[in-house]
Amino acid sequence: MFFINYLDRTAIGFAAPNGMNDDLALTAAQYGFASGVFFIGYILLEVPSNLALHKFGARRWLARIMVTWGIVAVLFTWVGSYTQLSWLRFLLGVAEAGFFPGAILFLSLWVPARYRSRILGLFYLAQPLTSVIGAPLAGWLMTHNGVFFGLEGWRFMFLGVGAPAIIVGVIAWFYLADSPNQAKWLSPDEKKWLTDALATENKAKGGEAKSGGHGLAGLKVAFSSGRVWTLSFIYFGFIYGLYTLAFFLPTIIKGFEAQYSVTFSLMEKGLITAIPYVPAAIALYLATRHATRNGVKSGHIAIPAAVGAVSIPVALFAGSPTLTIAVLAVTACAIFAALPNFWTVPTQFLAGAAAAAGIALINTMGNLAGFLAPLITGELADLNGGDYKVAFFVVGGFMLLSSVLMVALSRRGQVTADEQAPVPAGH
């Protein structure tokens, strides 16, 4: 589900330099706005959506989200203007609102804290793998120009990546189980062990968790928590960097052709776009494995943020396509090494409706970054004659802020990483 989710929201990045921007006569700023307005729709409904998931259950709510966003994603096939593109991106965000924080909440209701970093790492692998597999797939779909009812290649690509969301949404309705007690594949003893382990953890959490038993109380707890707001700003920096890469890397690769007098086919562009995400997937796996064995520490989040802050602006001074992609691979590794471990932190001190609201609030700030990143990057690129150097320094600044805030949160004793006990070797 997450693989399809991320592919659908970033498909515009593949379409833009491969026919869409020319056919719709988009400037860099217009493309940036259309890319980012998706997150406004998401932001408006994210917290209510997560509270609804907490009330009605993940099976119904996540399946509903997938089917509705799949329908909207397919409509991109027939977009005809900048205005239509912007409205469809906004509606995609409305349809998709709550999926990611809902999935994080769902996993926290299933997985004891000592295993959560490992499981979130496996879940998060979908994101870099979307680029590893999805970018070449998008390139292949776009080579079918005029083959399917005369559709341009980029339009056929939107159809090809949108339809699976509807199919998987229907499957999810029948497959997902809202809680361990409803899992047909667990024995009675396994259900009891897992339920008791999760209940014991919730009882051990502080006041912020215990005071958030229902919707309005949970909302109040989340919005009044200094830790939740600090984590929101930390997440903002990571997502600002993530979506700058996702939406503009294909455009930067296309720019290599004029800058370095080289030529790439659509498939080659897709494969080059995928390159940074292969080591990123490996870094994600190794970082979460280390955190699972040793407990999540602030360094698992702060150090990658600092590495990303330095590497992303350096990339555009690299001097060759190969070196540029290599440095951007370092940035991708930094972002994906941190994100799964980051999401173990809110559930250290939040539970119930407070967790639903807190996770949604943090992700809302990430979605605000998702809106601002392509918009600001596109505007700065237009102001600098298509040069992305200034825009990438801005990205580096936000990621550096994330690193500083994470260190500050840890030093104030507001992130007690030891609450997530390390898993003994071999478990």
Side-chain angles (χ1 to χ4, degrees), residues 1-2 4-12 33-76 84-109 162 165-166 168-169 172-173 176 178 212 214-225 228-229 231-232 235-236 239-240 242-243 343 346 350 352-375:
M1 292 170 75
F2 192 25
I4 297 169
N5 168 270
Y6 191 67
L7 181 59
D8 281 351
R9 70 168 62 177
T10 57
I12 191 173
F33 176 81
S35 299
V37 76
F38 160 90
F39 296 98
I40 297 300
Y42 207 121
I43 287 168
L44 291 175
L45 294 176
E46 184 162 18
V47 173
S49 177
N50 227 33
L51 291 174
L53 182 143
H54 177 69
K55 181 178 180 179
F56 298 114
R59 178 180 66 86
R60 295 175 180 175
W61 203 249
L62 292 179
R64 191 280 307 164
I65 287 173
M66 290 205 70
V67 171
T68 52
W69 106 52
I71 293 170
V72 176
V74 168
L75 293 178
F76 278 83
Q84 291 178 8
L85 180 69
S86 298
W87 274 109
L88 279 177
R89 286 289 294 177
F90 174 77
L91 290 174
L92 187 66
V94 170
E96 194 179 316
F99 171 78
F100 179 80
I104 296 293
L105 175 65
F106 175 67
L107 291 174
S108 75
L109 299 175
I166 301 172
V168 175
W173 179 273
L176 286 180
D178 288 325
H214 60 275
L216 292 178
L219 199 63
K220 182 179 179 180
V221 168
F223 276 80
S224 62
S225 170
V228 169
W229 281 105
L231 289 170
S232 298
Y235 191 58
F236 181 96
I239 299 305
Y240 195 99
L242 175 64
Y243 281 111
W343 278 113
L350 294 172
I359 290 169
L361 175 59
I362 293 167
N363 199 57
T364 294
M365 287 296 289
N367 285 323
L368 180 60
F371 169 68
L372 292 175
L375 178 63

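All of these numbers come straight from a predicted model, not from anything done at the bench.
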Tell me, please, which residues at least two apart from Asp8 pass side chain to side chain donor-acceptor pair (under 3.5 Å).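 If we apply the side chain to side chain donor-acceptor pair (under 3.5 Å) test to Asp8, skipping adjacent residues, the hits are Trp69.
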
Hey, does the side chain of Ser108 reach the backbone of Leu105 with a donor-acceptor pair shorter than 3.5 angstrom?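 Present.
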
Just by modelled atom types, is the Phe39 backbone N or O under 3.5 Å from a matching donor or acceptor in the Asn367 side chain?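 Not at all, since once roles are kept as given, no pair shorter than 3.5 Å links the two residues.
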
Would you say that [X] contacts [Y] through its side chain, given a criterion of any heavy-atom pair below 4.5 Å between the two side chains?
X: Leu62; Y: Phe99; value: yes
X: Leu242; Y: Tyr6; value: yes
X: Ser225; Y: Leu361; value: no
X: Ile359; Y: Trp343; value: yes
X: Leu85; Y: Phe76; value: yes

Where do [X] and [Y] come nearest, in terms of heavy atoms and distance?
X: Gly366; Y: Ile239; answer: O-CG2, 3.0 Å
X: Pro101; Y: Glu46; answer: CG-OE2, 3.1 Å
X: Ile65; Y: Ser49; answer: CD1-OG, 4.0 Å
X: Phe106; Y: Ala58; answer: CD1-CB, 3.3 Å
X: Leu53; Y: Gly102; answer: CD1-CA, 3.8 Å

Measure the spacing between [atom1] of [X] and [atom2] of [Y] and express it to the nearest 0.5 Å.
X: Leu368; Y: Asn363; atom1: CG; atom2: CG; result: 11.5 Å
X: Ile71; Y: Met66; atom1: CD1; atom2: CE; result: 12.0 Å
X: Phe33; Y: Phe38; atom1: CZ; atom2: CZ; result: 14.0 Å
X: Ile43; Y: Met365; atom1: CD1; atom2: CE; result: 8.5 Å
X: Leu372; Y: Ile40; atom1: CG; atom2: CD1; result: 7.5 Å
X: Leu231; Y: Phe236; atom1: CG; atom2: CZ; result: 15.0 Å

Looking at residues at least two apart in the chain, or sitting in another chain, which of them share a ring pair (Phe, Tyr, Trp, His ring centres under 6.0 Å) with Phe371?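 Scan of Phe371 (ring pair (Phe, Tyr, Trp, His ring centres under 6.0 Å), adjacent residues dropped) gives none.
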
Would you call the rings of Tyr235 and Phe100 parallel, tilted or perpendicular, taking 30° and 60° as the class edges?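 Parallel, since the angle between the ring planes stays under 30°.
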
Could you list the donor-acceptor pairs under 3.5 angstrom formed between side-chain atoms of residues 89-98 and any protein atom two or more places apart in sequence or on another chain?
unit_1	atom_1	unit_2	atom_2	d
Arg89	NE	Ala34	O	3.1
Arg89	NH1	Arg9	O	3.0
Arg89	NH2	Arg9	O	3.3
Arg89	NH2	Ser35	O	2.7
Glu96	OE2	Asn5	ND2	2.5
Glu96	OE2	Arg9	NE	3.0
Glu96	OE2	Arg9	NH2	2.5

After noting the C-alpha distance and the side-chain angles of Asp178 and Phe56, does the key distance pass the side-chain contact (heavy atoms from CB on, under 4.5 Å) rule? CA-CA 9 Å; Asp178 288 325; Phe56 298 114; over 6 Å; no

